Amino acid sequence: MKFWRWLVIVALYAVPIVVFSTAGALALYRSGQYAWVWWLAPLCWIGAWLLTRAWRKGLAPPAVDDFSAPSYWTDRDRQAWHVVESHQRRIAQIQPKQLTDPHFYLQSVMDLALAIAQHYHPKAKDPIGSLTVLDLLAASQLAIEDSAQWCRQYIPGSHLLTVDHWRLLGKAPAWFNVAGNFAWAASVLMNPVNFGRFMISKFTTESATRQLREHALGWFYMVFVRNAGFYLIEMNSGRLRGGAARYRRLQPPLPWHPGVTAAATDDTSAQAAAGRAAPRTEPLEVCIAVVGQVKAGKSSLINALLGCELAEVDVLPHTKHVQRYELRVAVGESASNGRSAARFAAATPGSIGVDRLVLLDTAGYADAGATREQLGEMHEALRGADLVLLVMDAANPARRADAKLLEELDAWLQANLRRKLPPALGVLTHVDRLRPTLEWTPPYDWRRPSVPKEHSLAGAVEYTREQFGSQLNAVVPVCTDGARQRVWGVYEELLPAMLLAVGEARACALLRTLHAELDQERIQLVFRQLGQACTGLLRAGLTELLAAAARTG
């Protein structure tokens, strides 16, 4: 929305009034210049009308496709937004008088709530029947806060605007036109030539004022539907059950929120350079599952990730067969480990709000010696992962077990629509065994191969991409043979790929956190609430008994 354009148009309408009030119509009439100056009004109004038509696209209510969906939204959430867009498009059929009626907004949000509820629960007949009281309170609070912030920022004098003033906006053109017609009638009686100027004014000012009114009311309606629809989707997805305060702490700023720009959400480093504080959210734990067949090189890859000078290792107890290692990335290390590793370090805890990156070392699959318990824990770790590193032996072309694992993960997520498919990176290990096997003189530019080893690396990556297609976000070749001092590709190739996927991984972590915390505390919360209620009743009863005893004594 270009507010300066509206200011230009309003200024053009105001200029004649300022000129006449300053110079004085009587003085102009006596000086004999009245007829010439009087042409200033129609000329300015014609200019304003022409600019209104030229800038019509920029002055219109915001387009429905201006909305940027959060990265953590699932496909079901994005489909639900089409319902919101369909309600926004109804602005063309809505009368301006309806847009000043509070009851119309109440009915609109109830219709929208029912449509979204039926999207998530096709058999729903009530927009709120399947929702908890806390869901409704949290959604209402968040939508009202966003709308209040928007009004305070974009509507001048909104803190003084009453409902009667708002209704007056729908009626203003009527009395404005009546007053204008009386003024023009008097002007025509004084000078019949003014009739032509009257027709110019009638044609230009009424069109512009009508567009100004419809724009202001329509713009407010579009924002109202957007805010209400967004939190209706969050509510029906179950992400508000932890309360509005908890949701705000975890939710990153959205580009369409008042006062938030794309730079505020996408370029925090630029904000830091400019001396402004980047928006902070509560840190999340992003789980990175390292999975692969037995002897694919998972453990050596984890050792390479954690054994460098940029990281520290903490062994965290988790389950019997799944080990958790916390990856702590520092900033300002030497460049000996590669420029890409330094970029990863600079972009992790401070800028995206991720203070904990946890590697999950799982048991190898496709192994006759793996027990059912080991495989069960591996699958559980995979389902709780926000980023998957699928480790594969570059010298072993058998990939069926790996593809089956990703298919099982996708099938599980299709049955659990609240979750989002985590990004998966294919990591090709043992690349030093590729032809020529005796050659090992890294670094290798496999993207633009020129020597036999680079051609072998490029062929292995392309073969894996063809096998998995869109199931893998990227395929990265590495060598993690620390015993023979053959560590290559971890910092140069893998860490930059993880950096590109970390934003989507955090979106998965946000969904997992919002749902998991409530599921874990649901029963405990009921008992705590019962205890607090009983304590309150007991305290009230004792207070009443003491008061009664004091009155009788």
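Quantities reported herein were computed from a predicted structural model and do not represent experimental measurements. When a residue number appears, it is its place in the shown sequence, counting from 1.
Within 6.0 Å of CZ in Arg435 there are 12 or fewer heavy atoms belonging to other residues, nucleotides or ligands. The 12-atom threshold is exceeded at CD of Gln467, counting heavy atoms of other residues, nucleotides or ligands nearer than 6.0 Å.
Expressed to the nearest 0.5 Å, how far OG1 of Thr74 lies from CG of Leu511 amounts to 7.0 Å. Taken to the nearest 0.5 Å, the CG atom of Asp445 stands 7.5 Å off from the CZ atom of Arg447. In this structure, the separation between NZ on Lys420 and CG on Asp386 is 11.5 Å, given to the nearest 0.5 Å. Between the CG atom in Leu232 and the OH atom in Tyr120 there is a gap of 9.5 Å [rounded to 0.5 Å]. Taking CG from Leu136 and CG from Leu134, the interatomic distance works out to 9.0 Å, rounded to the nearest 0.5 Å. Here Met498 contributes atom CE and Leu494 contributes atom CG; the two are 5.5 Å apart, rounded to the nearest 0.5 Å.
Applying the salt bridge (Lys or Arg N to Asp or Glu O under 4.0 Å) criterion to Glu439, with sequence neighbours excluded, gives no partner residue. Annotation: side-chain contact (heavy atoms from CB on, under 4.5 Å) contacts of Asn396 (sequence neighbours excluded): Asp393, Ala398. With sequence neighbours excluded, no residue satisfies salt bridge (Lys or Arg N to Asp or Glu O under 4.0 Å) with Asp361. The side chain to side chain donor-acceptor pair (under 3.5 Å) check on Glu454 picks up Ser450, with sequence neighbours excluded. Residues meeting the side-chain contact (heavy atoms from CB on, under 4.5 Å) test with Ala143, sequence neighbours left out: Tyr231. Annotation: salt bridge (Lys or Arg N to Asp or Glu O under 4.0 Å) contacts of Asp111 (sequence neighbours excluded): none. With sequence neighbours excluded, the residues forming a ring pair (Phe, Tyr, Trp, His ring centres under 6.0 Å) with Trp440 are Tyr444, listed by chain and number. With sequence neighbours left out, the ring pair (Phe, Tyr, Trp, His ring centres under 6.0 Å) criterion links Phe224 to Tyr105. Every residue was checked against the side chain to side chain donor-acceptor pair (under 3.5 Å) condition with Asn236, not counting sequence neighbours, and none meets it.
Checking each of Pro423, Cys287, Ser71 against Cys508 for a side chain to side chain contact (heavy atoms under 4.5 Å, CB included) leaves exactly one that passes, namely Pro423. Looking at Leu382, Leu389, Leu360 one by one, the single match for side chain to side chain contact (heavy atoms under 4.5 Å, CB included) with Val291 turns out to be Leu382.
Side-chain contact between Ile288 and Val358 is absent, with no heavy-atom pair separated by less than 4.5 Å. Put simply, the side chain of Glu493 reaches to within 4.5 Å of the side chain of Trp446, judged on heavy atoms. Using a 4.5 Å heavy-atom threshold, the side chains of Arg506 and Leu284 count as touching. No side-chain heavy atom of Leu142 sits under 4.5 Å from any side-chain heavy atom of Phe230. Glu492 places none of its side-chain heavy atoms less than 4.5 Å from the side chain of Val478.
Listed by first then second residue, pairs satisfying ring pair (Phe, Tyr, Trp, His ring centres under 6.0 Å) with a partner in residues 450-473 number zero, not counting sequence neighbours. The list of salt bridge (Lys or Arg N to Asp or Glu O under 4.0 Å) pairs with a residue in residues 459-471, not counting sequence neighbours, is empty.
A salt bridge links Arg324 with Glu285: the distance from a Lys NZ or Arg NE/NH1/NH2 to an Asp or Glu carboxylate oxygen falls below 4.0 Å. In this structure, Arg400 pairs ionically with Glu407, as a charged nitrogen and a carboxylate oxygen lie closer than 4.0 Å. Between Asp410 and Arg419, none of the side-chain N atoms (NZ, or NE/NH1/NH2) sits under 4.0 Å from a carboxylate O, so this pair counts as no salt bridge. Ion pairing between Lys453 and Asp432 fails under the 4.0 Å rule for side-chain N and carboxylate O. Between Asp481 and Arg433 there is no salt bridge, since no side-chain N of the basic residue sits under 4.0 Å from a carboxylate O of the acidic one.
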Sequence neighbours excluded and cut-off under 3.5 Å, please list the side-chain donor-acceptor pairs for residues 295-302, or say none.
| from | atom 1 | to | atom 2 | distance (Å) |
| --- | --- | --- | --- | --- |
| Ser300 | OG | Gly297 | O | 3.0 |
| Ser300 | OG | Thr480 | OG1 | 2.9 |

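Judged by distance alone, the side chains of Gln149 and Glu145 never bring a donor and an acceptor atom under 3.5 Å apart. Donor-acceptor pairing under 3.5 Å is recorded for the side chains of Tyr247 and Glu234.
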